[in-house]
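Only one structure is covered here, and it is reproduced in the block below.
These numbers come from the heavy atoms of this one structure, side chains and all, not from hydrogens, waters or symmetry mates. Nothing fancy with the numbering, it's 1 onward along the sequence.
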Amino acid sequence: MQAPAAFDPWRPSFVADPYPVYAALRDRGRAQYFEPSRQWLIPRYEDVRALLRDRRLGRTYLHRFSHEEFGRTAPPPEHEPFHTLNDHGMLDLEPPDHTRLRRLVSKAFTPRMVERLAPTVERLANELVESFVAEGGGDLVAAVAEPLPVAVIAEMLGIPPGDRAALRPWSADICGMYELNPGEETARRAVRASVEFSAYLRELIAARRRAPGEDLISGLVAAHDEGDRLTEQEMISTCVLLLNAGHEATVNSTGNGWLALFRNPDELALLRSDPDGLLPTAVDELLRYDTPLQLFERWVLDDIEVGGTVIPRGSEVALLFGSANRDPERFRDPDRLDLSRADNPHFSFGGGIHYCLGAPLARLELTASFGALLRRAPGLRLVAEPRWNPGFVIRGLRELLVEV
């Protein structure tokens, strides 16, 4: 069964508003083959939920098969630096390696550790918003959405302030490879960023070996030295994953969320009237309503069946988080922004063994930045139609111009 022609993740108008197409996909069927990316699209909530937990699928297949055995072509040799970096991070590993890495890193994201970060996150958010208000507004993405999560995750890892300017460009270039069918120029930038980022972290790890601190990199070095079988490449890949995942989603959630509020003025007015009471549910509703991660890929390691369609081993499924989060079979009135929505098990942080470790920290950052803007800029308003980044998988605004 072919997907509707309207599903076009490279078309700017689709990226700007994919939700009507998602509704058509859900009506059309539970599993639909999309030839341009050679993937099976899974648009419905219950199927996405089930496949996130199905051990017959994996983020990688190399723990069980070679490329040839799986019917896939190995990546070009010139792309090797990107794949070495990417393939040793826990998001693209399966047990037992995934379990070992996640156990080590999860110590930094316990509720107690996140609670300890709260004063720092609040302070940073207030400082950024104060400067933004003093300027009378500007690009909310560049001035508030980007610097807050970058500063927080860099602080956790122990990256010196003077080195942090390179993090977002490196991250953006690497994340370009997660889009569908990335081109050769995208791959070239990702390889260069992978080489530079890895070299920087290798030097930083060596420095932490000589002079440990209280940061997460020092903790990973200590775990390695105590026999936890953590290779240097796994340390580097873990740090890159934490930096990328630790701010890309939060940046885009902030921009997408504020745009949703501006386009739903009644809900924005309600939030402004009671920010402390509504923010806990509002943050999750904004994440559901317009998720920054629209699609999550998994490989089919053994034949599966979805809605009567057999998807054979060697296939790739594209779990459409954005569609599942608007599925009327799971969410009442799903296309309505409802900031008081309490029953809200959205997929914006994934699910199964790859559920986002940093979800509590992301919620903390979003609550802090939205709260600071609601309190200090109660008249914040949109002054120009926003521009979207071209990416669809990681979907967010290029800029969001507002005035106080």
Side-chain angles (χ1 to χ4, degrees), residues 15-16 91 117 120-122 124-129 131-132 137-157 159 161 164-179 190 193 197 239-262 279 282-284 286-296 321-322 346 348-350 356-373 377 380 382 386-402:
V15 172
L91 184 61
L117 280 170
T120 300
V121 174
E122 290 282 351
L124 289 169
N126 284 321
E127 289 173 356
L128 289 167
V129 170
S131 297
F132 189 65
D139 180 4
L140 186 62
V141 172
V144 178
E146 288 185 353
L148 176 61
V150 171
V152 172
I153 198 68
E155 192 74 22
M156 287 182 70
L157 284 164
I159 293 179
R164 294 174 187 176
L167 299 180
R168 189 82 208 278
W170 279 336
S171 175
D173 285 346
I174 290 169
C175 288
M177 287 293 277
Y178 304 140
E179 295 299 326
F197 209 164
C239 291
V240 170
L241 173 62
L242 290 174
L243 282 161
N244 291 353
H247 75 266
E248 286 289 342
T250 309
V251 170
N252 292 331
S253 297
T254 304
N256 296 3
W258 272 105
L259 180 60
L261 290 172
F262 291 136
L279 269 174
V283 163
D284 271 293
L286 292 168
L287 285 163
R288 179 201 70 84
Y289 186 78
D290 202 6
T291 178
L293 181 60
Q294 291 284 318
L295 179 155
F296 190 71
F321 285 176
H346 59 76
S348 297
F349 292 122
C356 178
L357 264 179
L361 179 59
R363 286 191 175 98
L364 174 65
E365 292 171 352
L366 291 167
T367 301
S369 69
F370 275 91
L373 282 161
L380 196 68
L382 189 66
R387 294 188 299 153
W388 291 89
N389 286 316
F392 158 69
V393 175
I394 301 174
R395 178 172 167 273
L397 298 172
R398 186 184 302 274
E399 61 181 9
L400 187 64
L401 298 178
V402 300

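Taken from CZ in Phe296 to OG in Ser348, the straight-line distance is 13.0 Å, to the nearest 0.5 Å. With rounding to the nearest 0.5 Å, the separation of CG in Asn389 from CD1 in Ile394 is 10.0 Å. Taken to the nearest 0.5 Å, the CG atom of Asn252 stands 9.0 Å off from the NE2 atom of His247. Atoms CZ and CG, on Phe132 and Asp139 in that order, are 7.5 Å from each other to the nearest 0.5 Å. From Leu293, atom CG reaches atom CD of Glu248 across 11.0 Å, with rounding to the nearest 0.5 Å. Of the inter-residue distances, the one linking Arg398 atom CZ with Arg387 atom CZ reads 5.0 Å to the nearest 0.5 angstrom.
Using a 4.5 Å cut-off on side-chain heavy atoms (C-beta onward), Val152 and Leu124 make contact. At a threshold of 4.5 Å between non-hydrogen side-chain atoms, the residues Val144 and Leu148 do not count as touching. Using a 4.5 Å cut-off on side-chain heavy atoms (C-beta onward), Leu382 and Leu401 make no contact. The shortest distance between side-chain heavy atoms of Asp173 and Phe197 does not fall below 4.5 Å. When side chains are defined from C-beta on, Val150 does not count as touching Leu243, because their heavy atoms never get closer than 4.5 Å. In this structure the side chain of Leu380 reaches within 4.5 angstrom of the side chain of Trp258, judged on heavy atoms. Asp284 is listed as a side-chain neighbour of Arg363, based on a closest heavy-atom distance under 4.5 Å. Between Glu155 and Arg164 there is a side-chain heavy-atom pair separated by less than 4.5 Å.
Closest approach of Gln294 to Asp290, counting heavy atoms only: NE2-OD1, 4.1 Å. Closest of all the heavy-atom pairs between Leu286 and Gly257 is CD2-O, 3.6 Å. Between Gly391 and Val15, the shortest heavy-atom distance links the atoms O-CG1, 3.7 Å. Between Leu117 and Met156, the closest heavy-atom pair is CD1-SD, 3.7 Å. Across all their heavy atoms, Phe262 and Leu400 have their closest contact at CE1-CD2, 4.3 Å. Here the closest heavy-atom approach between residue Leu279 and residue Thr367 is recorded as CD1-O, 3.8 Å.
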Q: Take Val251 and Val141 through the test side-chain contact (heavy atoms from CB on, under 4.5 Å) and record every step on the way to the result.
A: CA-CA 7 Å; Val251 170; Val141 172; 4.2 Å; yes
Q.
I'd like to know whether Phe321 forms a side-chain contact (heavy atoms from CB on, under 4.5 Å) with Leu295, so could you lay out the CA-CA distance, the side-chain angles of the two residues, the decisive distance to 0.1 Å, and finally the verdict.
A. CA-CA 5 Å; Phe321 285 176; Leu295 179 155; over 6 Å; no
Q: Go through the steps to decide whether Asn256 and Tyr289 satisfy the test side-chain contact (heavy atoms from CB on, under 4.5 Å), and finish with yes or no.
A: CA-CA 9 Å; Asn256 296 3; Tyr289 186 78; over 6 Å; no
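Put simply, the side chain of Ser253 never gets that close to the backbone of Leu287: no donor and acceptor are under 3.5 Å apart.
Cation-pi contact between Arg395 and Trp388: present, with separation from the ring centre below 6.0 Å and deviation from the ring axis of at most 45°.
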